Amino acid sequence: MEYRRRELLGASAVGIAAAMGGCLGLGSDQGEGSITGEELALATTTSTYDTGLLDEINTAFQERFGTPVAANAQGTGAAIESARNGNADVILVHARSLEDEFMRDGHGVNRRSLMFNDFVIVGPSDDPAEVGDTEQATAAFEAIASAQAQFVSRGDDSGTHTKEVAIWDESDAEPGGEWYQELGSGMGETLNNASESGSYTLADRGTFLSMRDNVDLEILLQGPIEGGPELLANPYGIMAANPEIHSNVNYDLAMAYIGFFTSPEGQELVGDYTANGEQLFYPEALSADPNFQQYVPEGWQPASSEE
């Protein structure tokens with residue numbers, strides 16, 4: 001995937017969210033089938049919550065449709081598990097391998113690629129492992145392990161932790177020993193811990209930029225948004241829980257939320273959202289050249305009709 005701001009489609013006469021709202025009876029004229037006044041259960045990542053983006057989106061959604069959003073911010077793994085247990089109407093996460101497993105198992109439907117940013121490797125300014133001299137994420141991790149420099153891991157089955165494990169797996173080094181600590185914490189707490197202990201860590205760009213003025217850490221290896229390795233790409237996806245598996249979920253409301261988030265209005269909110277003067281996320285739902293593979297697990301192909 002090429003990580004650049006995609007060309008957004010021009011505003012249509014009727015946006016996806018407006019169309020969804022009309023179909024479901026959302027809005028000021030409440031009639032039969034209206035879901036106005038109900039509450040959406042959203043399971044999501046700590047990065048979307050910690051950056052403040054969800055407050056922006058959810059406030060706009062409630063103002064438009066009169067429907068509050070109950071957001072449960074967890075790591076991606078925990079968010080997906082909540083939906084597996086029927087405790088979420090919709091999930092917003094950032095670990096495609098876990099999303100694909102969720103879909104293959106029948107628990108998730110109507111996935112959409114929503115937005116992206118990237119991961120960065122951050123650490124103390126004196127950079128004892130000389131991570132700043134590396135050009136690849138695997139080389140950076142190998143340098144940290146070789147120097148036995150302090151590294152703190154989220155260790156929470158989140159999207160960030162899943163990416164960290166993937167980098168270690170591709171590298172020639174293994175995490176462990178006194179220099180490596182798993183916290184079992186969200187991104188914000190992990191960054192604070194790294195700052196206080198003078199440690200390295202892997203962070204999503206959005207959360208780091210939103211906290212940069214409050215932590216004593218520097219970006220030592222950039223992700224693809226700033227010309228770094230593609231291995232540090234960080235796409236976000238959103239999908240509804242399957243009502244055929246969990247009869248208690250509010251599928252109509254989940255699709256209204258997905259429709260709003262992926263509409264021109266929702267995508268504009270994503271692109272315009274900043275912290276400390278920095279753009280945190282890049283909209284990806286609307287494109288002049290859409291990727292239809294986003295709706296299904298990566299690599300999935302329909303069964304051949306040939307005998």
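Computed from a prediction, not measured in an experiment: that's the story for all the values here.
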* Asked: Between Leu232 and Gln136, is any pair of side-chain heavy atoms under 4.5 Å apart?
  -> no

* Phe65 and Phe61 aromatic ring geometry - parallel, tilted or perpendicular at 30°/60° bounds -> perpendicular

* To do: Measure the CD-CD distance between Glu99 and Glu298 for me, rounded to the nearest 0.5 Å.
  => 9.0 Å

* To do: Determine whether Thr160 and Glu164 make a side-chain contact, defined as any pair of heavy atoms from C-beta on separated by less than 4.5 Å.
  => no

* Is the Phe116 to Phe281 ring centre distance short of 6.0 Å? -> no

* Residues forming a ring pair (Phe, Tyr, Trp, His ring centres under 6.0 Å) with Phe141, sequence neighbours excluded -> Phe151, Trp168

* **Test log, rule side chain to side chain donor-acceptor pair (under 3.5 Å), inputs Asp252 and Tyr257** => CA-CA 9 Å; Asp252 289 345; Tyr257 187 74; over 6 Å; no

* Asked: Would you say the side chain of Ile57 lies within less than 4.5 Å of the side chain of Val270, judging by non-hydrogen atoms?
  -> yes

* Verify the distance criterion only: is there a donor paired with an acceptor across the side chains of Ser287 and Asp289 at less than 3.5 Å? => no

* **Pair Thr274, Gln279: side-chain N/O donor-acceptor within cut-off below 3.5 Å** => no

* Shared hydrophobic cluster for Leu221 and Met211 (ILVMFWY, side-chain gaps under 4.5 Å) -> no

* Decide whether Val90 and Met239 are clustered together by the hydrophobic rule: side chain heavy atoms of Ile, Leu, Val, Met, Phe, Trp, Tyr closer than 4.5 Å, transitively. => no

* Asked: Atom CG in Asp216, atom CD in Glu218: separation rounded to 0.5 Å?
  -> 8.0 Å

* Tell me yes or no: between the side chains of Asn110 and Tyr251, is some donor less than 3.5 Å from an acceptor? => yes

* Are Val131 and Ile144 side-chain neighbours, meaning at least one heavy-atom pair lies under 4.5 Å? -> yes

* Asked: Is there a donor-acceptor pair under 3.5 Å between the side chain of Thr44 and the backbone N or O of Leu92?
  -> yes

* To do: Examine the side chains of Thr51 and Tyr273 and answer whether a donor and an acceptor come within less than 3.5 Å of each other.
  => no

* Give a yes-or-no answer on whether the side chains of Thr46 and Gln74 include a donor-acceptor pair shorter than 3.5 Å. => no

* Structure fact -> Minimal heavy-atom distance between Asp156 and Gly75, with the atoms involved, is OD2-CA, 4.4 Å

* **Hydrophobic cluster membership, Ile245 vs Ile258, 4.5 Å side-chain cutoff** => no

* Asked: How about Ser195 and Asn192: does a side-chain donor come under 3.5 Å of a side-chain acceptor?
  -> no

* Can you name the closest pair of heavy atoms from Ala254 and Ala240 and give their distance? -> CB-CB, 4.0 Å

* His107 vs His246 side-chain heavy atoms within contact, under 4.5 Å -> yes

* To do: Using modelled atom types only, decide if a donor and an acceptor are shared between the side chain of Asn248 and the backbone of Gly86 within a distance under 3.5 Å.
  => yes

* To do: Classify the side-chain pair Arg111/Ser113 by whether it contains a donor and acceptor separated by less than 3.5 Å.
  => yes

* Structure fact -> Taken to the nearest 0.5 Å, the spacing of Ile121 CD1 from Thr201 OG1 works out to 9.5 Å

* To do: For residues Gln294 and Arg112, determine if any side-chain heavy atom of one lies less than 4.5 Å from a side-chain heavy atom of the other.
  => yes

* So, the side chain of Asn85 versus the backbone of Asn87: is there a donor-acceptor pair under 3.5 Å, distance only? -> no

* Given His94, Arg205, Lys163, the one that forms side-chain hydrogen bond (donor to acceptor under 3.5 Å, both in side chains) with Asn234 -> His94

* Polar side-chain atom of Asn242 near backbone of Gly106 as donor-acceptor pair, under 3.5 Å -> yes

